[in-house]
Amino acid sequence: MVRKYFIFLLVLISARNLNAQNNAVSLNEKLVYTASYNMSGILTDIAEVTMETSTVTTSSATLLRLKCTAATYSKWDNFFKIRDLYESYVSPKTLTPYLYKRDVNEGNYHKFMKYTFSHKTKTVKALQEKKGKEENKVININSGTKDIVSTIYFIRLLNYGNLTKGAKKSLTILFDRKEVKAQITYLGKETINTAIGSKECYKLAVGSSDTNVFQGSNDNILWLTADENRILVYGKFKIPVGNGELKIKSASGLKN
Amino acid sequence: MKKLLTLLAIISAVLTIVLAVLPISNLAIIPAVAALIFGGIAYYLSKKSGNIKKILPFTFLLITCALALITFKALFTTSQVKNTDELHTKEAQFEKDAKKELEDLELEKVETIKTKPTESPKPSIQDTSRKKIEPKTKETKINESEFEDLDFDESDLDFD
């Protein structure tokens with residue numbers, strides 16, 4: 001009896017490692033961030049980024065809608081207005097994407113992108129609209145390839161508790177109709193002060209597989225809360241002059 | 001030296017004013033500090049030589065005005081997102097379109113939440129609202145003496 005129990009437990013643990021299950025992302029959560037520009041320690045708020053989840057019901061199933069919007073603060077609108085919308089329709093359990101849409105509206109620049117995933121044939125039908133031109137393309141993908149939005153949410157499903165400092169995890173992202181290999185490096189735990197209180201966080205370096213993030217070039221760093229929700233509370237990104245920062249403003253509808 | 005410092009102070013003061021007016025008014029602090037340092041040194045050197053040019057007090061006036069504007073903006077203006085109606089309309093439209101597109105999609109081995117209203121929930125372990133159903137099959141005891149009274153036709157019995 002005990003032996004059977006252990007075998008069951010072992011199977012359960014291995015299954016969890018192979019295909020991360022959603023124990024962190026709620027069906028109706030809302031995370032609001034402030035994107036700022038940091039130059040020599042002086043912060044300037046530029047835009048508000050909202051990450052929202054909701055359910056979408058079709059005749060056969062209920063999917064999770066992951067929606068990200070970025071909008072510049074009104075003081076910037078006269079200079080450079082940004083109204084970006086990214087959304088992904090995914091499986092609520094594994095966050096496998098089925099449909100992805102990206103609508104970029106930055107100043108006079110407009111671009112629309114739609115990916116329709118077929119995991120059976122490992123292909124993606126991509127539709128791009130740019131400068132009034134429509135372009136269709138079929139892209140071959142590897143299993144496990146995700147769009148940028150579902151990847152941002154997917155990194156919350158990974159188990160960082162057992163990782164040692166410097167441990168790496170690879171992810172494949174489909175961005176601008178190209179598969180990009182991304183690598184997440186676990187940098188340890190750190191407690192930081194945020195707008196939603198002091199939080200113990202997992203510190204992660206995000207970079208391309210080609211760059212060695214552990215050799216002093218940790219340009220893009222994310223802080224995820226070291227709890228069951230693993231929400232992104234702080235992000236730091238290197239830009240040509242100064243740094244870009246993403247700081248949490250509010251969080252609601254969390255799962256745990 | 002005095003001329004160079006005065007020139008640097010004027011350039012920094014003008015840059016402070018320009019940045020103070022823009023949304024990046026926080027960054028105007030950097031040229032403001034630089035203008036004060038350059039202007040201060042230039043003023044000290046001018047006072048030493050006994051020839052203070054009128055441009056220096058004017059530079060200080062510019063910096064003071066810019067600092068007042070930066071302080072006002074930092075204290076009394078809040079960052080707000082406005083004019084998002086178009087974005088909200090687009091969000092709603094995208095969702096509506098996505099529903100149609102997802103209907104056409106073959107959601108293979110859908111590990112999503114299936115919406116089956118016919119499925120009755122499984123009773124929990126401590127659910128007392130349901131009665132325990134006893135098995136209807138009763139154990140039937142065979143009384144061997146009853147067989148004695150039975151009249152068999154041997155041809156009906158087939159022994160292999």
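Below, read A as the first sequence line, B as the second, and so on, with proteins coming before strands; counting in each chain starts at 1. Atoms considered below: every heavy atom in the structure, side chains included; atoms not considered: hydrogens, waters and symmetry mates.
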Would B:T77 and A:K75 count as a side-chain contact (heavy atoms from CB on, under 4.5 Å) here? Give the steps. CA-CA 10 Å; B:T77 53; A:K75 61 181 178 183; over 6 Å; no

With a 6.0 Å cut-off (strictly less than), is the heavy-atom count around [atom1] of [X], excluding the residue itself, greater than 12?
X: A:N136; atom1: CG; result: yes
X: A:K125; atom1: NZ; result: no
X: A:K236; atom1: NZ; result: no
X: A:K30; atom1: NZ; result: no
X: B:F58; atom1: CZ; result: no
X: B:Y44; atom1: OH; result: no

Using atom types as modelled and distance alone, determine if a side-chain donor or acceptor of [X] lies under 3.5 Å from a backbone N or O of [Y].
X: A:S74; Y: B:Q80; value: yes
X: A:R65; Y: B:A98; value: no
X: B:N26; Y: A:I42; value: no
X: B:E103; Y: A:T58; value: no

By a 4.5 Å heavy-atom criterion (distance strictly below it), what part of [X] contacts chain B: side chain, backbone, both, or neither?
X: A:L43; value: backbone
X: A:D84; value: backbone
X: A:T34; value: neither
X: A:Y86; value: neither

A side-chain contact here means heavy atoms from C-beta on lying under 4.5 Å apart; do B:T84 and A:R83 qualify?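 B:T84 reaches A:R83 side chain to side chain.
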
Can you find a pair of side-chain heavy atoms, one from A:T57 and one from B:K99, that are under 4.5 Å apart?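 Not in contact.
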
Flag the pair A:K67 and B:E95 as a salt bridge only when some basic side-chain nitrogen lies within less than 4.0 angstrom of an acidic carboxylate oxygen.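 Salt bridge absent between A:K67 and B:E95.
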
With salt bridge (charged side-chain N to carboxylate O under 4.0 Å, His left out) as the test, would you mind laying out the steps for A:K101 and B:E101 before giving the verdict? CA-CA 12 Å; A:K101 286 180 184 185; B:E101 287 156 9; 3.3 Å; yes

Highest number of heavy-atom pairs under 4.5 Å with chain A: which of B:I30, B:L22, B:I24?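 Greatest number of close heavy-atom pairs with chain A: B:I24.
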
So which heavy atom on B:P23 is nearest to which on A:W76, and how close?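 So the two residues come closest at CB-CE2, 3.8 Å.
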
Under a 4.5 Å heavy-atom cutoff, which of A:L64, A:N78, A:L99, A:I46 has the most pairs with chain B? A:L99

Show your working on salt bridge (charged side-chain N to carboxylate O under 4.0 Å, His left out) between A:D103 and B:K90 and close with a plain yes or no. CA-CA 9 Å; A:D103 187 75; B:K90 204 174 268 177; 2.7 Å; yes

Dump the intermediate steps for ring pair (Phe, Tyr, Trp, His ring centres under 6.0 Å) on B:F94 and A:Y89, then the final yes or no. CA-CA 11 Å; B:F94 271 26; A:Y89 294 84; 9.3 Å; no

Say you draw a straight line from CG of A:L85 to CG of B:L87; how long is it, rounded to the nearest 0.5 Å?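 With rounding to 0.5 Å, CG (A:L85) is 6.0 Å from CG (B:L87).
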
Which value, rounded to the nearest 0.5 Å, describes the distance between B:E91 atom CD and A:T50 atom OG1? 8.5 Å

